[in-house]
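Everything below concerns the one structure shown next.
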Amino acid sequence: MSGCAIVTLQRTNQNNKSMIAFFEIPTNDFDKSVAFYQALFGEKLEVSQFGDERMACLMKDGKSVCSISSAPSFPGFAPSNGGVLVYLQVKDLDAKVKTAVDNGATLVTPKTKIQVEGWGYFAIIADPVGNRIGLYGDK
């Protein structure tokens, strides 16, 4: 997979820095997934195409941190409800969970307090094509 610049992300809690450089959320319905993530984050995603691979990138500080990707020629690159679980930071967890559900997501785990002081809350959704995605918020 290629096409988007790579950037290292850091959590707001400086005691737990992330080592994530970049991640892709696979889809078998590109347009539906792009519409969902644009609605969830209220931002237009930057779309690129490379052969049969299509990517829609979430940007932070002018660099891509994540892409919604369709890659039919890559075996095994498909949505999944098992496997790695990525958490996306949001400012208002309750509002984003509602936005996700209103746009076709399924709530897997409702807002839950993380049992470590100062780490906030999380919820897990399944996006419209079946990927489990965690949402993280301080409140």
Side-chain angles (χ1 to χ4, degrees):
M1 308 284 123
S2 63
C4 296
I6 296 176
V7 65
T8 301
L9 304 177
Q10 294 183 354
R11 275 186 37 135
T12 55
N13 180 339
Q14 292 301 310
N15 295 325
N16 184 27
K17 292 184 179 181
S18 175
M19 294 182 68
I20 295 173
F22 182 80
F23 63 94
E24 290 180 283
I25 300 173
T27 182
N28 53 14
D29 188 334
F30 186 77
D31 294 331
K32 183 177 185 177
S33 293
V34 169
F36 171 78
Y37 285 99
Q38 286 182 151
L40 182 63
F41 289 105
E43 295 181 24
K44 183 162 177 53
L45 280 71
E46 184 176 312
V47 176
S48 302
Q49 184 156 354
F50 309 92
D52 69 346
E53 179 183 2
R54 294 170 69 191
M55 303 175 84
C57 297
L58 289 166
M59 308 299 285
K60 179 173 173 73
D61 301 326
K63 297 180 182 176
S64 176
V65 295
C66 164
S67 75
I68 312 312
S69 300
S70 173
S73 63
F74 287 89
F77 191 78
S80 172
N81 65 1
V84 175
L85 180 58
V86 174
Y87 288 81
L88 305 175
Q89 185 159 351
V90 297
K91 289 182 181 179
D92 185 338
L93 183 58
D94 294 318
K96 291 303 180 184
V97 167
K98 181 178 182 337
T99 298
V101 171
D102 289 350
N103 283 276
T106 302
L107 183 60
V108 175
T109 304
K111 181 179 177 180
T112 303
K113 172 113 175 78
I114 297 172
Q115 298 302 310
V116 176
E117 185 62 34
W119 277 38
Y121 298 81
F122 74 94
I124 300 172
I125 60 167
D127 74 9
V129 297
N131 292 301
R132 290 179 318 136
I133 303 292
L135 300 175
Y136 168 83
D138 291 326
K139 299 178 185 176

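These numbers were taken from a predicted model, which means no experiment stands behind them.
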Sub-3.5 Å donor-acceptor pair from the side chain of [X] to the main-chain atoms of [Y], do we have one?
X: Asn103; Y: Thr99; answer: yes
X: Gln38; Y: Leu45; answer: yes
X: Lys96; Y: Leu40; answer: yes
X: Asn81; Y: Asn131; answer: no
X: Tyr37; Y: Ser67; answer: no

With rounding to the nearest 0.5 angstrom, report the [atom1] to [atom2] distance, [X] to [Y].
X: Asp138; Y: Trp119; atom1: CG; atom2: CH2; result: 12.0 Å
X: Lys63; Y: Cys57; atom1: NZ; atom2: SG; result: 14.0 Å
X: Ser69; Y: Ile25; atom1: OG; atom2: CD1; result: 8.5 Å
X: Glu46; Y: Met55; atom1: CD; atom2: CE; result: 10.5 Å
X: Ile125; Y: Thr109; atom1: CD1; atom2: OG1; result: 11.0 Å
X: Ile124; Y: Leu85; atom1: CD1; atom2: CG; result: 5.0 Å

Quick check: do [X] and [Y] have side-chain heavy atoms less than 4.5 Å from each other?
X: Val129; Y: Phe36; result: no
X: Val90; Y: Phe41; result: yes
X: Met59; Y: Glu43; result: no
X: Leu93; Y: Phe122; result: no
X: Val84; Y: Phe23; result: no
X: Leu135; Y: Lys111; result: no

[X] and [Y]: same hydrophobic cluster, using ILVMFWY side-chain contacts below 4.5 Å?
X: Leu88; Y: Leu107; answer: yes
X: Phe74; Y: Phe30; answer: no
X: Ile68; Y: Val47; answer: no

**Basic-acidic side-chain contact under 4.0 Å: Arg54, Asp31** =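 Salt bridge present between Arg54 and Asp31.
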**Message:** Looking at every non-hydrogen atom in both residues, tell me the closest pair between Phe77 and Pro26 and how far apart they are.
**Reply:**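 Where Phe77 meets Pro26 most closely, the heavy atoms are CE2-CB, 3.8 Å.
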**Prompt:** Can you name the nearest heavy-atom pair linking Glu53 to Ala71, along with the distance?
**Reply:** CG-CB, 4.2 Å
**Asked** Does Lys113 NZ have over 12 foreign heavy atoms under 6.0 Å away?
**Response**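 Yes.
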